[in-house]
Amino acid sequence: MAHQLKPESLMMTYGYKPEWSEGAVKCPIFQTSTFVFKTAEEGKAFFEVAYGKRERLPNEELGLIYSRINNPDLEILENRLCLWDGAEDCAVFESGMSAITTVLLEFLKPGDLLLYSNPLYGGTDHFIHHFLPRIGVHIVGFKPGMKQQEIMEKIEKTGHADRLKLIFIETPANPTNDLIDMVMCKNIADHYGNKDEKVLFAVDNTYMGPLWQHPLKHGTDFVVYSATKYIGGHSDIIAGAVLGSRELMVRIKTLRTFLGNMAGPWTGWLLMRSLETLKVRMEQQQRNAVKVADFLNDHPKVESVNYLGLIPERSPEYAIFKNQCSGTGAMVSFTVRGGEPEAFRFLNALKLIKLAVSLGSTESLAEHPKTMTHTDVDEVQMQEIGITDSLIRLSIGVENHKDIIWDIEQALEAV
Ligand SMILES: *Cc1c(COP(=O)(O)O)cnc(C)c1O
């Protein structure tokens, strides 16, 4: 049997041939807007495929035309991203938000119903609540912990159950690490879909990077990323990605061509560089996060800790965790005893950990969800999902865990 190389072994070479570029071991930055055709016939053939005028012939690649349609740095990056999630195809965007909004715009039209989980990333939440209703799309949300029956009753109550077209979830939920069962969501999609028209199911997998959770293996149609986070991993780039079947990705890529929100060659090149260390970075971050969560869990000034590694084995959440996650991640949130003043005292006293939003990067970051990333969420809902005055979110980096814990310990002394 042929030896199957693992994704981390392929990130340095996959999809690139040195002979394309004077023997350069690394894929160069193809900083060009347009590509020269060998003949007019070749140009015609490339356009026929790019614009869907005919099917691709066996072994026919999409020819290079113009960097809004394709570019070697993007294509090689997309092929590499496919390896982690076992996806057929991938599209990279200039931000996570453009990846998410392109999925929503392509698969929802006026009169359709979207089912989404709460809480969602603030930008996604804003688009769903403020933009989609303006174009006549109906929306209905559900919370982690709700049973399938309860969610289906909510769908029926909208009066638009027959127009349910898309399910969009984030699991684990940010910032509480609550899990949503993908199998249950897939059952809902199957219940309302039929052979002719499926209800599509997308998961924003940013919180687990491409390493610790593979939604496509649980029957979802799309996995979506803010590549700004773990994939980029150095807090120096904004980008996004969508992965799925070849058939559905044609639609995403076509809309991307006409919205013009693809990533540029420089972004593509930087992300390829990031992917070479994706696994070592994420594993180190996770090892550190386990130690930080344990430390917080034992600290008298800490009321509660939300971390996937601390889910009690007998809880229903643990079964979901075992089924859909292969790691516990590097995102930890916790509440300090007290309220906003105590939380702020902690944040202001940090020395090594930076006070900033975003996550998944080499440096550790801390923020206050209630007044920062989730400030747009309405007050009642905020209470319901556990975003309180004293909640702090940490993204754990690759520093020495003793230094991270030293910093947290001295900042807690200030509380
Ligand atoms: C950051 C983030 C986004 C948005 O991505 P951008 O790259 O900032 O546009 C979407 N979803 C989640 C879960 C995120 O953390």
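Given the structure is predicted, the values throughout are model-derived calculations rather than measurements. Indexing begins at 1, ligand by ligand and atom by atom, following the structure's order.
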Sorted by chain and number, the residues that approach ligand 1 to under 4.0 Å with a heavy atom
Ser95, Gly96, Met97, Ile100, Tyr121, Glu170, Asp204, Thr206, Ser226, Thr228, Lys229, Ile238, Ala239, Leu359
Relative to the ring of Tyr318, is the ring of Phe321 parallel (under 30°), tilted (30 to 60°) or perpendicular (over 60°)?
tilted
Could you tell me whether a side-chain N or O of His191 sits under 3.5 Å from a main-chain N or O of Asn187, the two making a donor and an acceptor?
no
Considering all heavy atoms, the nearest Thr257-Arg68 contact
O-NH1, 2.8 Å
Stepwise, does the side-chain hydrogen bond (donor to acceptor under 3.5 Å, both in side chains) test hold for Asn174 with Thr373?
CA-CA 10 Å; Asn174 169 12; Thr373 44; 5.3 Å; no
For side-chain hydrogen bond (donor to acceptor under 3.5 Å, both in side chains), just list the numbers for Glu340 and Thr371, CA-CA rounded to whole Å, side-chain angles, deciding distance to a tenth of an Å, and then say yes or no.
CA-CA 9 Å; Glu340 185 182 292; Thr371 58; 5.3 Å; no
Using the test ring-ring contact (aromatic ring centres under 6.0 Å, His included), find all partners of Phe344 that sit at least two apart in sequence or belong to another chain.
His368
